[in-house]
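When reading the values below, keep in mind they use all heavy atoms of this one structure, side chains included, and skip hydrogens, waters and symmetry mates. All of these numbers come straight from a predicted model, not from anything done at the bench.
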Amino acid sequence: TTTGTDSDTCATCDTLSANCGQQPSGCNTVLECGACVTGETCGAAGPNLCGVGTCTPATCESLGACGPTSDNCGTLLDCGPCDGTGTGGDGNLGTGGTTNTTGGATGTGGAPPEVVDPTTVLPRSGLVNGTTPSSVSAADALAAYNQFKGAHIKTCGSQMYVPNADQGNDTVSEGIAYGMLLAVSHGDKATFDALHSYYQQHLNVNGLMAWRVKDCGANVDETAAIDGDLDAAMAYIMAHCKWGETYGPFALKTLDAISQHGIIRSGGVYYVKPGDNWGGTSHFNPSYFSPADLRAFALYQPSNAERWNGAAESTYTVLNTGRNATTSFVPDWMTSTGACVSGSSCNYAWEAVRYPWRVATDYFWWGTPAAQTLLTPFSTWAKSQSAAGVGDEYSLSGGSLANYGKGAVVASLAIGTMAVDSAGSAGLFTELKNRSSNAADWYYSNALRALYLTTAAGLFNACPNP
């Protein structure tokens, strides 16, 4: 069991006598107090205490509570604003409102949400730093998007969704968010709005999208995977820039939910969690770290800048601790000390392949020196490989472990190299353009292919022009 901590003046799992589930810290953060062993249930031995038996969740009404409150069984409830003036609560989201710097809830009857014109604070170019490789064009990026859309985005009445063959053709939140990012980057408002509607319909109790949904049906797994929500929030900010302020409230609402349920503070450092009710310093997904987006969030929502900027900086602390010195490869799952998470993939595989894109974008948008430093050995290794021979899974030292002919790894090598040596990435992008299929099980590979070519073409823009 991992004990969550916040700061010296905030509550901890120990001071709350909790050994499982989530608890509010009283400092606008959520404590992750661990999970119970097999055979025990959170709350069976008392509020947020593991024991044998069952736990009946409390409700906001039964507790007479406001603000973020534990249901005694491990889940955090959002019990609404504690008053109508925005001075109470623990930074939770009230109806129609957003958090403020004092951690109070704002909502019906409270202060209006902060509104920042993103066009005044965010970069209007997808490549403020870096240049497009000679082998990539805007037409290539559009073709990749259209291929992904035609093969993988399905219609559900007025909504659209993205089935994932690896998950029994259920839709996962990342797929919706990838579609939203691509749609706004290519000016496809109809598709964006249809995906946005699906995202909003399938929010869980924490205001984040349920990780897994049955096509046009019900949520299969209510837990959120934070990468999908981070990408959706960024897509809403992009849409605010491109199509107007209608999308601003959705951006702020999503940011509030991520801040409360997807960011933790431990040892004075902010980190991105993998889930809204699980994960922490002992269980990270490095491909969820999105420093470029987090820096944009800090400017779009300045009242929460400390958390967003802090989580952006911890990206490099964790990645540099866990990376291989020669390749800069990291494992799919890792701890804050760089160790591979026991029982998970310790290779550079289908999860980790997204980290170079996220780090490279931090360079393209913000010129972050740490991004280039991290990707320099990565680029050197990538350029030493035959592009046509790039496989689909590697050991951290660079040994090939599997080759299915798909494009996720070659996409990562191309975009990571581009941040250091644009000319040196041209051959990898040429190979990437050749790796596509309309088969259902190519959803993930095709999504990354489209996203990375869109980024390389300079069309993945924090604040696209109308």
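Legend: residues meeting side-chain contact (heavy atoms from CB on, under 4.5 Å) with Thr120, ordered by chain and number and at least two apart, are Asp117. Residues satisfying the side-chain contact (heavy atoms from CB on, under 4.5 Å) test with Thr223, not counting sequence neighbours, are Asp221, Asp276, Asn277, Trp278. With sequence neighbours left out, the ring pair (Phe, Tyr, Trp, His ring centres under 6.0 Å) criterion links Tyr199 to no other residue. Applying the side-chain contact (heavy atoms from CB on, under 4.5 Å) criterion to Ser290, with sequence neighbours excluded, gives Leu230, Asp293, Arg358. Evaluation of the ring pair (Phe, Tyr, Trp, His ring centres under 6.0 Å) rule for Trp442 yields no partner, not counting sequence neighbours. With sequence neighbours excluded, the residues satisfying ring pair (Phe, Tyr, Trp, His ring centres under 6.0 Å) with Tyr444 are Trp350.
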*Test ring pair (Phe, Tyr, Trp, His ring centres under 6.0 Å) on Phe289 and Phe284 and set out the steps.*
CA-CA 9 Å; Phe289 297 160; Phe284 286 136; 5.5 Å; yes
*Stepwise, does the side-chain contact (heavy atoms from CB on, under 4.5 Å) test hold for Asp362 with Arg295?*
CA-CA 8 Å; Asp362 197 24; Arg295 296 185 206 282; 2.8 Å; yes
*Passes ring pair (Phe, Tyr, Trp, His ring centres under 6.0 Å), His240 versus Phe250? Steps please.*
CA-CA 9 Å; His240 184 172; Phe250 294 104; over 10 Å; no
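Every pair passing salt bridge (charged side-chain N to carboxylate O under 4.0 Å, His left out) that includes a residue from residues 129-146 is listed here, sequence neighbours excluded: Asp140-Lys433. The disulfide (SG to SG under 2.5 Å) analysis of residues 230-316, with sequence neighbours excluded, yields the pairs Cys241-Cys463. Judged as a salt bridge (charged side-chain N to carboxylate O under 4.0 Å, His left out), the pairs with a partner in residues 441-453 (not counting sequence neighbours) are, in order, Lys406-Asp441. Applying the disulfide (SG to SG under 2.5 Å) test to pairs two or more places apart or on separate chains, those with a residue in residues 317-381 are Cys340-Cys346. Applying the salt bridge (charged side-chain N to carboxylate O under 4.0 Å, His left out) test to residues at least two apart or on different chains, the pairs with a partner in residues 195-212 are Asp170-Arg212.
For the residue pair Asn304 / Ser259, a side-chain donor-acceptor distance below 3.5 Å is found, with atom types taken as modelled.
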Indicate every side-chain donor-acceptor pair of residues 407-425 with a distance under 3.5 Å to a residue at least two apart or in another chain.
residue, atom, partner, partner atom, Å
Ser412, OG, Tyr348, OH, 2.8
Ser412, OG, Val409, O, 2.7
Thr417, OG1, Leu413, O, 2.7
Asp421, OD1, Ala423, N, 3.4
Asp421, OD1, Gly424, N, 3.0
Asp421, OD2, Lys383, NZ, 2.8
Ser422, OG, Thr131, O, 2.8
Ser422, OG, Thr131, OG1, 3.4
Ser425, OG, Ser422, O, 2.7

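For Glu245, the CD atom sits in a loose shell: 12 or fewer heavy atoms of surrounding residues, nucleotides or ligands are nearer than 6.0 Å.
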